[in-house]
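The block underneath contains the structure these notes are about, expressed in structure tokens.
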Amino acid sequence: MPRDTSRPARRVTLERGGPVLLEGPVEVRLDDGRTVTSDRFMVALCTCRRSRTYPWCDTSHRRRSRTR
């Protein structure tokens, strides 16, 4: 299927074990039907669903380690 060249393509970056990074602005439709938007230049979408700010990533997926 040919790409619609009238709109610029968005870059999506997949981070192993981390969030999906999208060049913004973005509009996200959630599974409950709500739509949320962000006008930031780079957006991190949570893939682990542990974020308190879901669908935006707040790095809750990172393991916390103690420093001595």
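The figures here come from the full heavy-atom set of this structure, side chains too, leaving out hydrogens, waters and symmetry mates.
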ILVMFWY cluster membership beyond Leu21 - transitive side-chain contacts under 4.5 angstrom: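 Reading the cluster by chain and number, Leu21 sits alongside Phe41, Met42.
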Members sharing Trp56's hydrophobic cluster (side chains within less than 4.5 Å):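 Answer for Trp56: Val12, Leu14, Val20, Leu22, Val26, Val28, Leu30, Val36, Val43, Leu45, Tyr54.
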Pairwise salt bridge (charged side-chain N to carboxylate O under 4.0 Å, His left out) hits with a residue in residues 33-45, at least two apart: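 Qualifying pairs, neighbours excluded: Asp32-Arg34.
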Pro25 and Arg10, any side-chain heavy atoms less than 4.5 Å apart: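 Yes, their side chains come closer than 4.5 Å.
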Residues forming a side-chain hydrogen bond (donor to acceptor under 3.5 Å, both in side chains) with Thr35, sequence neighbours excluded: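 Thr35: no side-chain hydrogen bond (donor to acceptor under 3.5 Å, both in side chains) contacts found.
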Shortest non-hydrogen contact from Thr59 toward Cys57: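 Nearest heavy atoms, Thr59 then Cys57: N-SG, 3.3 Å.
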